Amino acid sequence: MELTVTEKGKEKMRVIVKDETHTMLNLIRENAWAVGAKQASYIIQHPYISHPEMIIRSKNPGKVLKDAAQRVQDQGKEFSTAFSRAMKK
């Protein structure tokens, strides 16, 4: 995964996310809303020739993206633990 910040304003950030699909971007988008984003969305101009771009609006969009990514990581760990317990039954 490679990230490129294309716009970094006081309350808005746009980030191109290379080598990812709807799956990762939806996880980040949903978690960005959960941590207080005013807007959390992404666009893929063309599925074959462009990379997805996240758009975040909040009082501190960089913190929102970082906190959203941490929530995704925590959810992955929680799922892994629950799955391991389920497999032992």
Side-chain angles (χ1 to χ4, degrees):
M1 177 187 313
E2 181 182 333
L3 304 178
T4 304
V5 177
T6 58
E7 181 180 340
K8 185 178 178 185
K10 186 175 179 181
E11 294 190 359
K12 180 181 177 184
M13 182 178 283
R14 295 175 76 105
V15 180
I16 293 175
V17 184
K18 292 183 180 176
D19 302 322
E20 287 299 335
T21 63
H22 291 283
T23 304
M24 177 60 78
L25 292 162
N26 269 319
L27 281 169
I28 296 293
R29 181 186 57 79
E30 288 178 20
N31 281 286
W33 281 111
V35 297
K38 293 178 185 175
Q39 175 192 355
S41 58
Y42 70 90
I43 56 173
I44 300 175
Q45 296 290 338
H46 190 281
Y48 297 120
I49 60 174
S50 67
H51 298 288
E53 185 172 18
M54 295 283 315
I55 301 134
I56 302 293
R57 289 183 189 267
S58 74
K59 290 183 179 179
N60 188 341
K63 182 175 181 341
V64 164
L65 274 177
K66 188 173 181 176
D67 291 350
Q70 183 62 54
R71 282 177 54 100
V72 169
Q73 185 176 11
D74 293 345
Q75 290 168 346
K77 288 178 184 176
E78 183 180 345
F79 179 85
S80 180
T81 301
F83 183 70
S84 292
R85 279 194 307 262
M87 292 300 292
K88 290 179 182 177
K89 291 182 181 181

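Hydrogens, waters and symmetry mates are skipped; everything else that's a heavy atom, side chains included, is used. Small disclaimer: the values here were computed from a predicted structure and weren't measured.
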Would you name the heavy atoms of [X] and [Y] that are closest together and state the gap between them?
X	Y	result
V15	L65	CG2-CD1, 3.9 Å
A32	A68	N-CB, 3.5 Å
G36	S58	O-CB, 4.2 Å

| message | Listing request: all ring pair (Phe, Tyr, Trp, His ring centres under 6.0 Å) pairs with a residue in residues 2-37, at least two apart in sequence or in separate chains. | response |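 For residues 2-37, and leaving out neighbouring residues, the ring pair (Phe, Tyr, Trp, His ring centres under 6.0 Å) pairs sorted by first residue read H22-Y42.
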| Does any pair with a residue in residues 54-89 pass ring pair (Phe, Tyr, Trp, His ring centres under 6.0 Å), and if so which ones, sequence neighbours excluded? | none
| With S50 via side-chain contact (heavy atoms from CB on, under 4.5 Å) - residues at least two apart | I44, Q45, H46
| field | Summary of side-chain hydrogen bond (donor to acceptor under 3.5 Å, both in side chains) pairs that have at least one residue in residues 78-89, sequence neighbours excluded | value | none
| query | Quick one: side-chain hydrogen bond (donor to acceptor under 3.5 Å, both in side chains) pairs with a partner in residues 65-74, sequence neighbours left out? | reply | N31-R71, K63-D67, Q70-D74
| Any residue meeting side-chain hydrogen bond (donor to acceptor under 3.5 Å, both in side chains) with T4, in chain and number order, not counting sequence neighbours |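 Counting only residues at least two positions away or on another chain, T4 forms no side-chain hydrogen bond (donor to acceptor under 3.5 Å, both in side chains).
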Residues that [X] engages under salt bridge (charged side-chain N to carboxylate O under 4.0 Å, His left out), provided they are two or more places apart:
X	value
K59	none
K38	E11
K12	E7

| Transitively linked via ILVMFWY side-chain contacts under 4.5 Å: V5 with L25? |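 Yes; L25 is reachable from V5 via cluster members.
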| task | Say whether V64 and I16 are linked into one hydrophobic cluster, either directly or through other cluster members, by side-chain heavy-atom distances under 4.5 angstrom. | result | no
| said: Taking transitive links into account, so neighbours of neighbours count too, which hydrophobic residues share a cluster with I49 at under 4.5 Å side-chain distance? | reply: Y48
| said: A side-chain contact here means heavy atoms from C-beta on lying under 4.5 Å apart; do M54 and I28 qualify? | reply: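 A side-chain contact exists here, since the closest heavy-atom pair is under 4.5 Å.
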| Taking atom CE of M13 and atom CD1 of I55, what is their separation to the nearest 0.5 Å? |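 The distance works out to 12.5 Å.
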| Euclidean distance, E2 CD relative to H51 NE2, rounded to 0.5 Å | 8.0 Å
| message | Taking salt bridge (Lys or Arg N to Asp or Glu O under 4.0 Å) as the cut-off, I'd like each qualifying pair that reaches into residues 49-58, sequence neighbours left out, listed once. | response | R14-E53
